[in-house]
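For reference, the structure is listed below as C-alpha cells.
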Amino acid sequence: MPTKSPDPAAPQTGPRFRAEARKRVVDTAKLVFQEKGPDAPLEEIARRGGVGIATLYRRFPTREDLLREVCLAVMREVTSEAARAAEEEPDGWRALARVLHYSISSHAAGMLPVAAGRFLKTPEVLQVRAEYVAALTGLLERARTEGSLRATQINHVDLLLVLALLSRPLPGVDTELAQQLAHRYVDLLAGGMTAEDTPELSGPSLDQEALDALWNGSAVDTDGTKPKTRKAGGRTA
C-alpha cells in the first residue's frame with residue numbers, strides 16, 4: 001500500500017519545527033533590534049521571522065527573555081567560530097582577523113551594545129560570556145606569542161567596542177554598503193595592530209563626493225564611488 005504523502009497544509013509541529021521556529025525568531029530579532037533598538041516592536045520580529053506573535057510569546061514570554069536569548073546566541077556563535085578559526089587557520093593572527101570579520105558578517109558585533117543593561121545576568125549568561133571572552137583573549141594571546149600582533153596594549157574590550165562602533169548604521173547607507181564598509185574598516189584596524197604589511201583592504205573606498213552625498217541625506221551606490229541619481233519623486237535610480 002503506497003505511503004500517504006504529508007499534507008502541506010497540516011499544522012507543522014514537533015521538536016524539529018519548534019527548534020527551527022525558535023531559531024528564526026532569534027535570528028530575526030538580532031537584525032531588528034540592531035535596526036530599531038531594544039524597544040523594537042515584537043510584532044515586527046514575529047512577522048519577519050515567519051511566525052505568529054503567539055508563537056513568539058510562547059517561546060519568549062517577555063522582551064527581556066528574547067534579548068537575553070539573542071545575546072546568548074551571539075556569544076555562542078562567535079565562540080564557536082573562534083574555535084574553528086583557531087583549528088583551521090595557520091596562525092593566531094589570521095584566526096583573529098577571521099573572527100573579527102565573522103562578527104561583522106553575522107551581525108553579532110552590534111547586538112551586545114544594543115541589549116546592554118536590558119536583562120539580568122543569569123548564571124548561564126555569565127558562563128557563556130566567560131567562554132566568549134576566553135575565546136577572544138586566547139586568539140589575541142596566541143597572536144602576541146607568535147609575534148604577529150604588534151599592539152600589546154589591545155585587549156578583547158577594545159575589539160568589542162570597535163566592532164560595535166563599526167556595526168552602527170550610518171544615515172543614508174544601505175545594509176549592503178554598510179557591511180562592505182565595516183569589513184574595510186576591520187582591515188584597517190587589523191593593519192594597525194599587525195607587525196606585517198597592511199593587507200589589501202576589503203570594500204569600497206568612499207571619495208569626497210560620496211561623503212558629501214551621505215551627509216546631505218542622499219544614497220550612495222554599493223560600490224561607494226558616486227551618489228545614486230534621483231528619479232522624479234525623490235526615488236533613487
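Since this is a predicted model, take the numbers as computed values, not measurements. Computed over heavy atoms, backbone and side chain alike; hydrogens, waters and symmetry mates excluded.
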Item to complete: Could you go through the side-chain contact (heavy atoms from CB on, under 4.5 Å) check for Leu139 and Arg144 one step at a time?
Response: CA-CA 9 Å; Leu139 294 180; Arg144 284 197 186 98; over 6 Å; no
Fill in: Verdict with supporting geometry, Glu124 and Arg129, salt bridge (charged side-chain N to carboxylate O under 4.0 Å, His left out)
CA-CA 8 Å; Glu124 181 183 20; Arg129 186 181 67 177; over 6 Å; no
Discussion item. Could you walk me through whether Arg22 and Glu69 satisfy the side-chain contact (heavy atoms from CB on, under 4.5 Å) test, starting with their C-alpha distance in whole Å, then the side-chain angles of each, then the deciding distance to 0.1 Å, before giving a yes or no?
Written reply: CA-CA 10 Å; Arg22 183 183 183 89; Glu69 185 60 32; 3.5 Å; yes
Item to complete: Would you please test Ser167 and Ile104 for side-chain contact (heavy atoms from CB on, under 4.5 Å) and show each step?
Response: CA-CA 7 Å; Ser167 300; Ile104 294 295; 3.7 Å; yes
Discussion item. Working note: Leu67 + Phe60, criterion side-chain contact (heavy atoms from CB on, under 4.5 Å); need CA distance, chi angles, decisive distance, verdict.
Written reply: CA-CA 9 Å; Leu67 284 164; Phe60 308 102; over 6 Å; no
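Shown here for Trp93 and Ala143, the closest heavy-atom pair between the two residues is N-CB, 3.9 Å. In terms of heavy-atom proximity, Val125 sits nearest to Arg68 at CG2-CG, 3.7 Å. Contact detail for Val99 and Ala82: the closest heavy-atom pair is CG2-CA, 3.6 Å. In this structure, Val173 and Ala178 approach most closely via the heavy-atom pair CG1-N, 3.5 Å.
Linking ILVMFWY side-chain heavy atoms closer than 4.5 Å, directly or via other members, places Tyr102 and Val128 in a single hydrophobic cluster. Under a hydrophobic clustering in which Ile, Leu, Val, Met, Phe, Trp and Tyr are joined whenever their side-chain heavy atoms come within less than 4.5 Å, directly or via other members, Leu31 and Leu56 fall into different clusters. Placement of Val114 and Leu161 in two distinct hydrophobic clusters is found when ILVMFWY residues are connected by side-chain heavy-atom separations under 4.5 Å, directly or transitively. In the hydrophobic clustering of this structure, Tyr57 groups with Val26; members are Ile, Leu, Val, Met, Phe, Trp, Tyr whose side-chain heavy atoms approach within less than 4.5 Å, directly or through other members. Cluster annotation: Leu177 and Tyr185 are assigned to the same hydrophobic cluster (Ile/Leu/Val/Met/Phe/Trp/Tyr, side-chain heavy-atom contacts under 4.5 Å, transitive).
How far OH of Tyr132 is from OG1 of Thr79: 7.5 Å, rounded to the nearest 0.5 Å. A distance of 11.5 Å separates CG of Asp27 from CD of Glu20, quoted to the nearest 0.5 Å. Between the CG atom of Leu163 and the CG atom of Leu160 there is a distance of 6.5 Å, given to the nearest 0.5 Å. Of the inter-residue distances, the one linking Lys121 atom NZ with Leu126 atom CG reads 7.5 Å to the nearest 0.5 angstrom. Atoms CG and OG, from Leu136 and Ser103 in turn, are 7.0 Å apart once rounded to the nearest 0.5 Å. With rounding to the nearest 0.5 Å, the separation of CD in Gln179 from OG in Ser105 is 6.5 Å.
Using a distance-only test at 3.5 Å, with no hydrogens or angles considered, a donor-acceptor pair links the side chain of Arg63 to the main chain of Ala40. Put simply, the side chain of Glu146 gets close to the backbone of Gly92: a donor and an acceptor are under 3.5 Å apart. Judged by distance alone, the side chain of Arg24 and the main-chain N or O of Gly49 form a donor-acceptor pair under 3.5 Å. In this structure, the side chain of Gln34 engages the main chain of Lys30 through a donor-acceptor pair within 3.5 Å. A donor-acceptor pair under 3.5 Å is formed between the side chain of Asp65 and the backbone N or O of Thr62. Side chain of Arg47 to main chain of Leu42: no donor-acceptor pair is present (N/O by atom type, distance under 3.5 Å, no hydrogens or angles).
You'll find the side chain of Arg184 stays beyond 4.5 Å of the side chain of Gln180, heavy atoms only. Proximity of Arg98 to Arg84: side-chain heavy atoms (C-beta onward) are separated by under 4.5 Å at one or more points. Between Glu176 and Leu181, the closest side-chain pair of non-hydrogen atoms is not below 4.5 Å. Val51 has its side chain out of reach of Arg59: every pair of non-hydrogen atoms, C-beta onward, lies at least 4.5 Å apart. For the pair Thr137/Asn155, no side-chain contact is recorded, criterion being any heavy-atom separation below 4.5 Å from C-beta on. At a threshold of 4.5 Å between non-hydrogen side-chain atoms, the residues Val74 and His107 do not count as touching.
The pair Glu131-Arg76 fails the salt-bridge criterion, with no side-chain N (NZ, NE, NH1 or NH2) lying under 4.0 Å from an Asp/Glu carboxylate O. Taking the charged nitrogens against the carboxylate oxygens, Glu88 and Arg94 have no contact shorter than 4.0 Å, which rules out a salt bridge.
In the model, Asp187 has a side-chain atom that pairs as donor or acceptor with a side-chain atom of His101 under 3.5 Å. For the residue pair Thr55/Arg58, the side-chain donor-acceptor check at 3.5 Å is satisfied.
Not counting sequence neighbours, the partners of Ala29 by the side chain to side chain contact (heavy atoms under 4.5 Å, CB included) test are Phe33, Ile45, Leu66, Val70.
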